[in-house]
J.: 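The following block contains the structure, expressed as C-alpha cells.
Start at 1 with the first residue, then count along the sequence. We count ligands from 1, going down the list as the structure has it; atoms in each ligand are counted the same way.
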Amino acid sequence: MATDIQFNFSGKRVLVTGSNSGIGLETARAFARAGASVALNSFSNEEADHVLAHDLAEETGQTCRYIPADLSKREEANSLVTRCQQELGGLDVLVNNAGIQHISPVDTFSDDAWDRVTEINLSSQFATARAALPAMRQAGWGRIINVASAHGLHASANKSAYIAAKHGVIGLSKTIALEVAETGITCNAVCPGYVFTPIIEGQIPDQMAQTGLEREQVIRDVLLVKQPTKRFIEMEEIAAAILYISTDIAKSITGHAFAVDGGWGAI
Ligand code: NAD
C-alpha cells in the first residue's frame, strides 16, 4: 500500500528501535524514502540486518546504518543513542518501537517474562529518551515517538506485562511532553490496533493453546474481535501516522496517545 502523503525529512536524523522487521522496518523505510538518514536497530548482529540497512541506503540514496543493541539491557539502550549520534551526526527523531509479547495468565506469569517484557517495551523507551533529550534540547527541536498499543489504553486477558508496559509508555510520553513543552521537542505515543506482523503471528499458537480454538477462529474471535473494521491494519498506516507527528507542522501535537486502531477505541 503506497501512502498518498508526501513527507520531506531531508536533513533529519532518525533512529527507529526494533526495526529489522514489522512496523519498525516499515517506519524506517518510510523515513528514508522521505529523505532522512536512518539508523535501524535490533538485538541481533546478523549479516542480514546490516544488509537491510545497506539495501535501504541503495534504494533511497540516504545514509542508513544498522546498530545492534539488546534493549533488554539498560546500558545497551543508553549507548544505542550515543552510537546513533556518532554514525548519523546527530539525532532529531527517536522512534521507540522495539517490543515483545508474552501470553500467560497472571497466576503463572514468570518473573523472567515480566522483567523482559517491561524492560524492552517500557524501560528501554525511558533510557533512550533520557539519552536523546540533551542534544534535542540544545538543538531546540526534536521528536520522540513511543510506540505503545491499543493495549496502552484498553486491557485484554493474559497479557499483563505487555498491557502494564504499554499503559506505562503513554504515561511516560505525557510526562516527557510536559517536561519539554517549551523547548521545540514533542513526545507522543502511537497506539496501533492489530497489525499483522511477526509479533502477532507469534501469538497465534499461544492463543490457540490457551483457548483451544483453531487458527482462523483465533484471528476472527480473539484477535480481531475488538477491532470493528475486522481487518488487520497495514504497517504503512502506522508508519504514516509516525511520520506525520514527526513533521514540523505537528509541533502542537504533544503528550498525545495517537490511536490507529480500526475503531477499537470507539467501543
Ligand atoms: P515485530 O516482532 O515485527 O517487531 C518487534 C521488533 O522489536 C523487532 O525488530 C525485534 O527485533 C525488536 N526487538 C525485540 N526484542 C528486542 C531487544 N531485546 N532489543 C532490540 N530490539 C528488540 O513486531 P511489530 O508488530 O512490528 O511490533 C513493533 C511495535 O509495535 C512493538 O512495540 C509492538 O508492541 C507494537 N504494536 C504492534 C501491534 C501489532 O498488532 N503488530 C499492535 C500494537 C502495538
J.: Is it the side chain, the backbone, both or neither of A69 that has a heavy atom closer than 4.0 Å to ligand 1?
T.: backbone
J.: S149 to ligand 1: N or O pair under 3.5 Å?
T.: no
J.: So which pairs with a foot in residues 82-110 pass ring-ring contact (aromatic ring centres under 6.0 Å, His included), sequence neighbours left out?
T.: H102-F109
J.: At under 4.0 Å between heavy atoms, is it the side chain or the backbone of I200 that contacts ligand 1, or both, or neither?
T.: side chain
J.: One thing to verify: whether E182 and R137 come together as a salt bridge, which I'm taking to mean a side-chain N less than 4.0 angstrom from a carboxylate O.
T.: no
J.: Which protein heavy atom lies closest to atom 26 (O) of ligand 1, and at what distance to 0.1 Å?
T.: I23 N, 2.8 Å
J.: Salt bridge between E119 and R116, side-chain N to carboxylate O under 4.0 Å?
T.: no
J.: What protein heavy atom lies closest to atom 40 (O) of ligand 1? Include the residue and the distance to one decimal.
T.: V195 N, 2.6 Å
J.: Considering S21, S19, G18, which one's heavy-atom position lies nearest to atom 1 (P) of ligand 1?
T.: S21
J.: Once rounded to the nearest 0.5 Å, what's the spacing between atom CG of D206 and atom CD of Q101?
T.: 8.5 Å
J.: In terms of atom number and element, which parts of ligand 1 are under 4.0 angstrom from non-hydrogen atoms of I100?
T.: 14 (C), 15 (N)
J.: For ligand 1, which atoms have a heavy atom of Y194 less than 4.0 angstrom away?
T.: 40 (O)
J.: Test: ring-ring contact (aromatic ring centres under 6.0 Å, His included). Region: residues 180-216. Which pairs qualify, not counting sequence neighbours?
T.: Y194-W264, F196-F232
J.: Looking at K12, R143, R13, which hits side-chain hydrogen bond (donor to acceptor under 3.5 Å, both in side chains) with D92?
T.: R13
J.: Which ligand 1 atoms does G22 reach within 4.0 Å, using its non-hydrogen atoms?
T.: 3 (O), 26 (O)
J.: Between atom CG of N8 and atom OG1 of T247, what is the distance when rounded to the nearest 0.5 Å?
T.: 11.0 Å
J.: Are F232 and ligand 1 in contact, using a heavy-atom cut-off of under 4.0 Å?
T.: no
J.: When rounded to the nearest 0.5 angstrom, what distance separates OG in S124 from CG in L122?
T.: 8.0 Å
J.: Specify side chain, backbone, both or neither for Q101, according to which of its non-hydrogen atoms lie closer than 4.0 Å to ligand 1.
T.: neither
J.: Give the residue and atom name of whichever protein heavy atom lies nearest to atom 22 (C) of ligand 1, and the separation in Å to one decimal.
T.: F43 CD2, 3.4 Å
J.: Any non-hydrogen atom of G193 lying under 4.0 Å from ligand 1?
T.: yes
J.: Which residue and non-hydrogen atom of the protein lie closest to atom 9 (O) of ligand 1, and at what distance in Å?
T.: N20 OD1, 2.7 Å
J.: Under the side-chain hydrogen bond (donor to acceptor under 3.5 Å, both in side chains) test against T128, which residue among N78, N146, N96 passes?
T.: N96
J.: Say whether E26 and ligand 1 are in contact under the criterion: heavy-atom distance to a ligand atom below 4.0 Å.
T.: no
J.: In the protein, what heavy atom is nearest to atom 23 (O) of ligand 1, and what distance, to one decimal place, separates them?
T.: I199 CB, 3.3 Å
J.: Look at atom 5 (C) of ligand 1 and say which protein heavy atom is nearest, naming residue and atom and giving the distance to 0.1 Å.
T.: G99 O, 3.6 Å
J.: Checking a contact table here: which protein heavy atom is nearest atom 24 (P) of ligand 1, and how many Å away?
T.: T197 OG1, 3.2 Å
J.: Please indicate whether any nitrogen or oxygen in N121 is less than 3.5 Å from any nitrogen or oxygen in ligand 1.
T.: no
J.: Between CG of L91 and CE of M136, what distance do you get to the nearest 0.5 Å?
T.: 4.5 Å
J.: What pair of heavy atoms forms the shortest contact from S149 to C191, and how long is it?
T.: O-CB, 3.4 Å
J.: Hey, what's the ring geometry for F9 with F7, parallel, tilted or perpendicular (30° and 60° as the breaks)?
T.: tilted
J.: Hey, which atoms in ligand 1 end up nearer than 4.0 Å to a heavy atom of L71?
T.: 17 (C), 18 (N), 19 (N), 20 (C)
J.: Examine the proximity of ligand 1 to Y162 and report which part, side chain or backbone, both or neither, has a heavy atom under 4.0 Å away.
T.: side chain
J.: Does H50 form a side-chain hydrogen bond (donor to acceptor under 3.5 Å, both in side chains) with N45? I'd like the steps, not just the answer.
T.: CA-CA 8 Å; H50 291 277; N45 193 6; 2.6 Å; yes
J.: Taking only heavy atoms of S72 into account, list the atoms of ligand 1 that are under 4.0 Å away from them.
T.: 18 (N)
J.: Would you say A148 contacts ligand 1, with heavy atoms under 4.0 Å as the rule?
T.: yes
J.: Which residue from V147, N97, V16 reaches closest to atom 31 (C) of ligand 1 through any of its heavy atoms?
T.: N97
J.: Is any side-chain N of the basic residue among R231 and E237 closer than 4.0 Å to the acidic one's carboxylate O?
T.: yes
J.: Run the salt-bridge test on R33 and E59 with the 4.0 Å N-O cut-off and return the result as yes or no.
T.: yes
J.: For ligand 1, which atoms have a heavy atom of D70 less than 4.0 angstrom away?
T.: 17 (C), 18 (N), 19 (N)
